[in-house]
K.L.:
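Got a structure for you, written out below as structure tokens; questions coming shortly.
Residue numbers begin at 1 in each chain, while the letters A, B, ... track the order of the sequences. Not measured: the values here are computed from a predicted model.
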Amino acid sequence: MDEAARRERLGELAPDKLAELEADDQEDEHVLPDLPNAEDGAVVMRAAPNPNGPWHVGHARMPAVIGTYKERYDGEFVCRFDDTDPETKRPDLDAYDAILEDIAYLGFEPDRVLRASDRLETYYDHARELIDAGGAYTCSCSGDEFSELKNAGEPCPHRDKDAETVREEFAAMVDGEYSAGEMVLRVRTDIGHKNPALRDWVAFRMIDTPHPREEAADHRCWPMLDFQSGVDDHLTGVTHIIRGIDLQDSAKRQRFVYDYFDWEYPEVLHWGHVQVDEYDVKLSTSTIKGLIEDGELTGWDDPRAPTIQSMRRRGIQGQALVDSMTELGMSTSDVDLAMSSVYANNRDLVDDAANRYFFVRDRDDAPAVELPIVDGDAPAPEAGHPPLHPDHEDRGDREVPAGRVLVESPDLPSEGERVWLKGYGCVRYEGDALAFVDADIEVVREGDVDVVHWAPAAEGLDTLLRTVDGDVRGVAEPALADVDPDTVVQFVRVGFGRIDGFDPAATDEADGPNGSEDLLAYYAHP
RNA sequence: GCUCUGGUGGUGUAGUCCGGCCAAUCAUAUCACCCUCUCACGGUGAUGACCUGGGUUCAAAUCCCAGCCGGAGCACCA
């Protein structure tokens, strides 16, 4: 009795038990824990990326989790670009769209998209209001000076400035009358607070470098994350904030501002950092950017790059990444994401649709071997006809010409031994040729011969397969020429990959590192 | 130094709030077997964890104490 039948039977015998079982199943579908104080239809969450480059795989976690909760609570997904640092983490103008594309690839679409750099006047207004409420003061201490006082729990001399001076000095900040480092606006918190991280933090500072966005290039007075993000979260109606443990103290800092404004602070959840195994490259936008600039990586979508764009180009479904990310849960400890988990999820999604094709690798340590197939015990057929998919005969089969063929050297049997060319038949290796034996599948069923993939030497496509471990050259069967780019296929006994491009004009002579192959493919995983 | 925060198999996770049904769930991983014209898919099985030490209790992964180890913040970065 299979699962469905068993359930049906249970439904007849004990309907209440079945209902219980199904209720449990519902529970189980929720990989993520429930959100605290979440009301259906009244949940607003935001992803707040700094657009200083395209996303790495770790970034997928935020949209994956927010998107999942959005669906569960019929909530809202706000994407707010926190691009308030034109200098140190300078925004990259292409990154805004790149990030939105990354989110779309993951299968989500933000309900609202905001840019903090569009909202400076709003932040200034709130700063003025905060000053009027006695919650902020301008300060011209150097960073070191203030740090020393702060660590001792001592106020700096500017703390007791009269409100009028603060107003004037802040107006001058907004007008850009100071240079970087000359003046900041601090939030008056509690200079003796037991946690030094919370004492009178900076809300606005001067930056001399113009913002890359033309619309914001005139501003010199920029809010710090805690101020900008705190104000925006309230103004956009965010009910649940999810962020990394590096921002653990942010909520505590922002609460001082919220208290001045008499706002209610949203629910906050923190999670740990995500590490991804399998990559030597550090998971950081600036590190990856550096590697690309140094030529170590060919771009953000280099198969060796731990980026969303790379996953996409390799044919890994955004959903696979989302599944893996939600499986990480919401723990505050650091987690290691195993790429094998992403691969397993992707295999699940892709296996049924991916048609099968042969690709014979030609590697230094395992070169492809070219041999003619000759008549042996029986006349050799002209071609093999393996199915496009073993579970879907209805999709038909491919034609693989079989005059001179290539096989991978480790697949070659000892001289005199037989091997089964998949979709073709049994051949005997005779040193300089493969002699056709027969097409009686019985030898395979009995386990007497190994089954290997192969490709025609002349008609095959010179192929470049780009993998995480470097580029692999080889020859693929000609049927791949009819496959549309962007299709995910399975290279039999090699693994899944995505067809990137086909160039029928490519000639045999023009073998170079780029653009010379007939076929370009990206490798996903086994 | 001060302040947070966390420790369940290789990885992730459930269980911890309200102690027993936990000799600990599920997934992935690894290995084996079955299936199979793939090393894929599917099926079966195996491997493998409660940080340590005390305490409370009839009973502790769960409560208490101490210790050990880890992560984060104390930026005019986000």
Side-chain angles (χ1 to χ4, degrees), chain A residues 27-28 31-33 48-52 81-85 87-91 116 139 141-143 146-147 150-151 153 180-186 193-199 201-207 222 224-226 228-229 243-250 252-253 270 272-275 277 285-286 323-345 347-348 350-352 354 356 358 384 386-387 389-391 420-426 439 441-445 447 449-453 490-496 525-526:
Chain A
E27 270 326 93
D28 291 346
V31 185
L32 293 172
N50 175 25
N52 62 338
F81 291 104
D82 282 357
D83 54 349
T84 56
D85 175 13
E87 202 166 80
T88 318
K89 289 194 174 170
R90 189 174 170 78
C139 169
C141 291
S142 75
F146 186 84
S147 179
K150 180 210 68 187
N151 287 336
E182 286 182 350
M183 189 68 79
V184 298
L185 184 77
R186 291 187 184 281
H193 193 104
K194 62 173 183 172
N195 184 349
L198 311 187
R199 297 171 189 164
W201 46 272
V202 172
F204 287 82
R205 84 295 207 187
M206 304 302 297
I207 293 177
W222 286 90
M224 297 289 288
L225 173 79
D226 282 324
Q228 172 267 124
S229 159
R243 59 183 161 213
I245 40 170
D246 49 326
L247 264 23
Q248 268 177 131
D249 289 332
S250 269
K252 290 168 191 157
R253 281 203 268 247
H270 293 106
H273 297 284
V274 185
Q275 300 291 325
D277 67 355
T285 305
S286 50
D323 290 345
S324 293
M325 284 299 176
T326 52
E327 281 162 12
L328 290 181
M330 296 292 294
S331 128
T332 53
S333 41
D334 290 354
V335 292
D336 287 338
L337 171 67
M339 278 310 289
S340 60
S341 142
V342 177
Y343 297 158
N345 283 323
R347 225 178 271 125
D348 246 15
V350 142
D351 183 68
D352 195 64
R356 272 52 172 169
F358 295 154
H389 191 114
D391 300 335
W420 183 278
L421 300 183
K422 205 167 158 59
Y424 181 74
C426 188
I441 196 63
E442 213 42 47
V443 287
V444 172
R445 297 228 164 102
V449 300
D450 290 334
V451 176
V452 305
H453 62 291
Q490 189 203 63
F491 298 111
V492 174
R493 301 211 310 142
V494 175
F496 292 90
H525 51 75

K.L.:
Between B:A29, B:G12, B:G73, which nucleotide gets closest to the side-chain atoms of A:Ala197?
P.N.:
B:G73
K.L.:
Kindly indicate whether the side chain of A:Gln490 and the base of B:U38 share any N or O donor-acceptor pair separated by less than 3.5 Å?
P.N.:
yes
K.L.:
Return no unless some side-chain N or O of A:Lys252 is found under 4.0 Å from OP1 or OP2 of B:G73.
P.N.:
no
K.L.:
Mind checking if A:Leu225 touches a base, just sugar-phosphate, or nothing, with heavy atoms under 4.0 Å?
P.N.:
base
K.L.:
Starting at the 5' end of RNA chain B and moving along, which residue's nearest nucleotide shows up first, A:Thr88 or A:Gly329?
P.N.:
A:Gly329
K.L.:
Counting the atoms with a prime plus P, OP1 and OP2 as sugar-phosphate, which does A:Leu247 contact under 4.0 Å by heavy atoms, base, sugar-phosphate, or nothing?
P.N.:
base
K.L.:
Distance check, C1' atoms only: B:G7 and B:G15, in whole angstrom units.
P.N.:
16 Å
K.L.:
Within the structure shown, what part of the strands sits under 4.0 Å from A:Gln248 by heavy-atom distance: base, sugar-phosphate, or nothing?
P.N.:
base
K.L.:
Looking only at the side chain of A:Phe496 (C-beta and beyond, no hydrogens), which of the listed nucleotides B:U3, B:A40, B:U13 gets closest?
P.N.:
B:A40
K.L.:
Hey, are the side chains of A:His525 and A:Arg347 touching, using non-hydrogen atoms and a 4.5 Å cut-off?
P.N.:
yes
K.L.:
Within the pair A:Arg347 and B:C41, is there a side-chain N or O less than 4.0 Å away from OP1 or OP2?
P.N.:
yes
K.L.:
Can you find a side chain N or O atom of A:Arg445 that sits less than 4.0 Å from OP1 or OP2 on B:C37?
P.N.:
yes
K.L.:
Which nucleotide in the list B:U38, B:A78, B:A72 gets nearest to the side chain of A:Val451?
P.N.:
B:U38
K.L.:
Sticking with atom P, work out how far B:A24 lies from B:C33, rounded to a whole angstrom.
P.N.:
27 Å
K.L.:
Report which part of the nucleic acid A:Ser331 touches: base, sugar-phosphate, or nothing (heavy-atom distance under 4.0 Å, all strands).
P.N.:
sugar-phosphate
K.L.:
Which of these nucleotides, B:A78, B:U28, B:U3, is closest to any side-chain atom of A:Asp82?
P.N.:
B:A78
K.L.:
Between the base of B:A40 and the side chain of A:Arg493, is there a donor and acceptor pair under 3.5 angstrom?
P.N.:
no
K.L.:
Do A:Ser324 and A:Leu337 have side-chain heavy atoms sitting under 4.5 Å apart?
P.N.:
yes
K.L.:
In whole Å, what separates the P atom of B:U52 from that of B:U57?
P.N.:
23 Å
K.L.:
Locate the shortest heavy-atom distance separating A:His273 from A:Asp334; write the atom from each residue and the value.
P.N.:
N-OD1, 2.9 Å
K.L.:
Rounding to the closest angstrom, what is the interatomic distance between B:A29 and B:C74 at atom C1'?
P.N.:
40 Å
K.L.:
Is A:Lys422 salt-bridged to A:Asp450, going by a charged N under 4.0 Å from an acidic O?
P.N.:
no
K.L.:
Remember a base hit wins even if backbone is also touched, and classify A:Val184 as base, sugar-phosphate or nothing at under 4.0 Å, heavy atoms.
P.N.:
base
K.L.:
Taking only the P atom of each, what is the distance from B:C51 to B:A23 in whole angstrom?
P.N.:
16 Å
K.L.:
Pick base, sugar-phosphate or nothing for A:His273, based on heavy-atom distances below 4.0 Å to the nucleic acid.
P.N.:
sugar-phosphate
K.L.:
Hey, does the side chain of A:Thr332 come within less than 4.0 Å of B:G71's phosphate (OP1/OP2), counting only N and O?
P.N.:
no
K.L.:
Considering only atom P, compute the distance from B:C64 to B:G20 and round it to an integer number of Å.
P.N.:
15 Å
K.L.:
When you measure from the side chain of A:Ala344, which nucleotide among B:C41, B:C76, B:U28 comes out closest?
P.N.:
B:U28
K.L.:
Give A:Pro526 one of three labels, base, sugar-phosphate or nothing, depending on what nucleic acid heavy atoms sit under 4.0 Å from its own.
P.N.:
nothing
K.L.:
Tell me whether the side-chain N/O atoms of A:Arg90 come closer than 4.0 Å to OP1 or OP2 in B:C77.
P.N.:
no
K.L.:
Work out how far the C1' atom of B:U8 is from that of B:U25, and round it to whole angstrom.
P.N.:
11 Å
K.L.:
Side chain of A:Pro196 only, please: which of B:C76, B:C2, B:C77 is the nearest?
P.N.:
B:C2
K.L.:
Select base, sugar-phosphate, or nothing to describe what A:Met224 touches, counting heavy atoms under 4.0 Å on all strands.
P.N.:
sugar-phosphate
K.L.:
Does A:Ser147 place a side-chain N or O at less than 4.0 Å from the phosphate oxygens OP1/OP2 of B:A75?
P.N.:
yes
K.L.:
Looking across every strand, which nucleic acid part, if any, lies under 4.0 Å from A:Phe491 by heavy atom: base, sugar-phosphate, or nothing?
P.N.:
nothing
K.L.:
Rounded to whole angstrom, note down the P distance from B:A27 over to B:G43.
P.N.:
10 Å
K.L.:
Does A:Lys89 reach a base, just sugar-phosphate, or nothing at all? Heavy atoms under 4.0 Å.
P.N.:
base
K.L.:
Ignoring the backbone of A:Ser333, work out which of B:G12, B:G6, B:A78 is nearest its side chain.
P.N.:
B:G6
K.L.:
Is A:Cys141 touching bases, backbone alone, or none of the nucleic acid, heavy atoms closer than 4.0 Å?
P.N.:
base
K.L.:
At under 4.0 Å between heavy atoms, what does A:Asn195 touch on the DNA or RNA strands: base, sugar-phosphate, or nothing?
P.N.:
base
K.L.:
Would you indicate what A:Gly272 reaches in the nucleic acid, counting non-hydrogen atoms under 4.0 angstrom: base, sugar-phosphate, or nothing?
P.N.:
nothing
K.L.:
Just so I know, are the side chains of A:Pro386 and A:Arg356 near enough to count as touching, which here means a heavy-atom distance under 4.5 Å?
P.N.:
no
K.L.:
Select base, sugar-phosphate, or nothing to describe what A:Ile441 touches, counting heavy atoms under 4.0 Å on all strands.
P.N.:
base
K.L.:
Given the structure, check if the side chain of A:Lys422 and the base of B:C37 hold any donor-acceptor pair shorter than 3.5 Å.
P.N.:
no
